Undergrad: 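Before I ask anything, let me first share the structure, which is written out below as structure tokens.
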Amino acid sequence: MASTSIAILGTGTYSPEKVLSNDELSLSVDTSDEWIVTRTGIRERRIAAGTETTADMAASAAADAIANAGISASDIDLVILATLTPDLPMPATACLVQQKLGIPEKAACFDLNAACTGFLYALDTAWAMLESGRYRHALVVGAEKLSTMLDWNDRATCVLFGDAAGAVVMGASRNSHSGILGSRLATIPLSPDLLWVPGGGSSPATPEEPRVIRMKGKEVFKVAVRAMEDIAREILEQHQVTADQIACVIPHQANLRIIEAISHYLKLPMDRFFVNVDRYGNTSSASIPLALHEAHQEGRIRPGDLVLLVAFGAGLTYGGALVRW
Ligand code: UT7
């Protein structure tokens with residue numbers, strides 16, 4: 001097993017005040033609470049206020065994680081922020097969070113985009129940088145204001161996503177057992193149009209190629225299940241852990257049926273999977289840290305537990321991490 005010296009020392013979250021229920025959504029788009037709940041498990045999602053940015057949400061979640069870790073902002077020397085909805089093309093949203101929280105100028109700050117797998121890409125990167133011994137405390141954040149990137153007339157996508165942020169502080173483990181045991185990242189080079197934002201980057205947004213999320217849901221669903229099952233098996237095998245030794249799986253929260261399918265294929269009962277997609281929908285890179293924090297707060301994760309994190313997203317990126325809490 002890999003070194004257990006780098007651990008998650010604290011977690012935090014932020015979710016906007018405004019709750020948008022399925023019933024409210026069905027007043028403006030041709031859908032129903034029944035369809036959304038049956039096909040996705042989502043009951044409501046949070047929507048950020050007009051003036052509230054990804055950096056605002058990220059900073060709130062990060063402040064929570066820093067307090068939870070029992071350190072102060074001045075102890076942070078690395079900020080990695082996963083997002084596909086940065087405040088600006090530049091500077092990186094991580095730099096805005098640095099300023100908001102008073103993180104010292106010695107800190108390295110950058111954003112990373114691996115879509116819904118972004119948080120696990122950031123966690124893996126932070127782990128490697130901390131293990132190098134050149135950084136002491138990393139703030140790893142997933143934050144999204146996806147409501148700005150939705151076509152509110154497209155019922156196939158607008159019902160699925162929400163806004164939120166989640167964060168962890170990582171650093172040297174404070175005991176002999178806890179730590180990141182393993183991490184694996186991957187990308188399946190399928191056609192980008194399975195899940196993408198067709199315009200608004202270096203190709204400008206046009207009516208034909210707008211800056212909104214488009215998805216071929218059925219195809220993505222199948223690949224997502226296969227990818228997350230594969231990565232979970234690979235990590236478990238590599239670390240000689242059996243599925244039933246996992247106390248809690250924190251899967252990317254995109255669709256309850258995807259999580260149920262993984263539970264079925266891994267032969268691991270649903271009560272080992274943490275689910276909050278019903279309350280937030282898919283918050284992309286915020287999804288895993290948000291779920292991890294809530295699972296911990298609810299006592300679903302205890303010291304010494306093995307926790308498996310798995311995610312997939314546009315790219316199609318996917319990844320997994322094994323953590324001893
Ligand atoms: O983080 C990665 C993000 N992506 C995902 O994880 C998404 C993966 N995919 C999915 O979760 C599912 O494929 C969806 C939830 C997106 C769709 O569920 P589905 O069971 O695959 O439905 P479908 O796309 O095959 O659509 C079935 C029907 C269609 O009507 P017809 O053609 O059968 O008449 C759709 O037009 O449901 C219709 N439909 C809706 N009806 C009411 C699609 N969206 C809606 C809606 N409300 N919101």
Side-chain angles (χ1 to χ4, degrees), residues 20-45 82-85 113-122 142-147 149-164 166 185-188 190-198 212-231 250-264 273 275-278 280-291 309-320:
L20 178 62
S21 69
N22 291 346
D23 282 336
E24 276 175 275
L25 248 183
S26 21
L27 298 175
S28 55
V29 62
D30 180 18
T31 188
S32 66
D33 177 58
E34 199 265 334
W35 190 95
I36 303 171
V37 172
T38 317
R39 303 287 179 128
T40 71
I42 299 167
R43 294 181 183 275
E44 59 189 38
R45 70 286 295 143
T83 189
L84 61 102
T85 49
N113 178 355
C116 299
T117 321
F119 179 78
L120 292 187
Y121 272 69
E144 304 287 3
K145 190 173 178 181
L146 295 171
S147 56
M149 214 183 243
L150 293 175
D151 175 350
W152 289 97
N153 296 312
D154 176 13
R155 68 177 182 176
T157 52
C158 75
V159 304
L160 303 175
F161 298 93
D163 301 332
L185 306 174
T187 310
I188 313 170
L190 293 172
S191 173
D193 69 357
L194 280 181
L195 176 51
W196 69 338
V197 176
V212 293
I213 297 174
R214 298 276 188 236
M215 176 170 62
K216 296 183 176 159
K218 261 201 178 350
E219 285 99 316
V220 174
F221 189 106
K222 287 182 209 144
V223 185
V225 172
R226 203 228 340 121
M228 288 202 282
E229 184 205 349
D230 279 1
I231 208 100
I250 309 286
H252 172 48
Q253 309 281 321
N255 185 324
L256 179 62
R257 289 189 298 135
I258 293 178
I259 300 172
E260 287 171 343
I262 301 167
S263 149
H264 171 77
F273 286 75
V275 176
N276 65 5
V277 69
D278 51 325
Y280 300 106
N282 181 346
T283 59
S284 191
S285 67
S287 149
I288 292 221
L290 180 61
L309 316 175
V310 283
F312 76 97
L316 289 170
T317 57
Y318 63 110

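First listed ligand is number 1; within each ligand, the first listed atom is number 1. Heads up: numbering here begins at 1 and tracks the sequence. The figures that follow rest on heavy atoms only: side chains count, while hydrogens, waters and symmetry mates do not. Predicted model only: the values in this text are computed from it and were never measured.
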Undergrad: Considering heavy atoms of the protein only, find what lies nearest to atom 2 (C) of ligand 1 and give residue, atom and distance to 0.1 Å.
TA: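 Going atom by atom, the protein heavy atom closest to atom 2 (C) of ligand 1 ends up being Phe312 CE1, 3.4 Å.
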Undergrad: Which of these, Asn255, Asp33, Val29, has its nearest heavy atom closest to atom 11 (O) of ligand 1?
TA: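 The residue whose heavy atom sits nearest atom 11 (O) of ligand 1 is Asn255.
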Undergrad: Only heavy atoms of Arg257, strictly under 4.0 Å: list the atoms of ligand 1 that pass.
TA: 18 (O), 19 (P), 20 (O)
Undergrad: Is Ala224 near ligand 1, meaning one of its heavy atoms is under 4.0 Å from it?
TA: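 Per 4.0 Å heavy-atom rule, Ala224 does not contact ligand 1.
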Undergrad: Which residue supplies the protein heavy atom nearest to atom 3 (C) of ligand 1, what is that atom called, and how far is it?
TA: Asn282 ND2, 3.4 Å
Undergrad: Hey, is Arg155 close enough to Asp30 for a salt bridge, meaning N to O under 4.0 Å?
TA: yes
Undergrad: Quick one: nearest non-hydrogen protein atom to atom 30 (O) of ligand 1, plus distance?
TA: Arg155 NH2, 4.3 Å
Undergrad: Starting from atom 44 (N) of ligand 1, locate the nearest protein heavy atom and write down its residue, its atom name and how far away it is, to 0.1 Å.
TA: Trp35 CH2, 3.3 Å
Undergrad: Are the side chains of Leu309 and Leu120 in contact, using a 4.5 Å heavy-atom criterion?
TA: yes
Undergrad: Tell me, with the steps shown, if Asp154 and Arg214 meet salt bridge (charged side-chain N to carboxylate O under 4.0 Å, His left out).
TA: CA-CA 9 Å; Asp154 176 13; Arg214 298 276 188 236; 3.3 Å; yes
Undergrad: Does any N or O atom in Ser32 lie less than 3.5 angstrom from one in ligand 1, N or O only?
TA: no
Undergrad: With Val159 as reference, evaluate Leu150, Ile42, Ile36, Asp33 under the side chain to side chain contact (heavy atoms under 4.5 Å, CB included) test and give the passing residue.
TA: Ile36
Undergrad: Closest by any non-hydrogen atom to atom 46 (C) of ligand 1: pick that one out of Thr117, Thr31, Leu25, Asp30.
TA: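 Selected option, by shortest heavy-atom distance: Thr31.
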Undergrad: Would you say Phe312 and Met228 make side-chain contact, with heavy atoms under 4.5 Å?
TA: yes
Undergrad: Hey, is the main chain of Thr317 close enough, under 3.5 Å, to the side chain of Thr117 for a donor-acceptor pair?
TA: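 At least one qualifying donor-acceptor pair exists.
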Undergrad: Would you check the N or O atoms of Gly217, main chain and side chain alike, for any that come under 3.5 Å of an N or O of ligand 1?
TA: yes
Undergrad: Considering the heavy atoms of Thr40, write down every atom of ligand 1 situated less than 4.0 Å from one of them.
TA: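 Per the distance check, 15 (C).
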Undergrad: Name all residues meeting the salt bridge (charged side-chain N to carboxylate O under 4.0 Å, His left out) criterion together with Arg226; count only those two or more places apart in sequence or in a different chain, and write none if there are none.
TA: Asp230
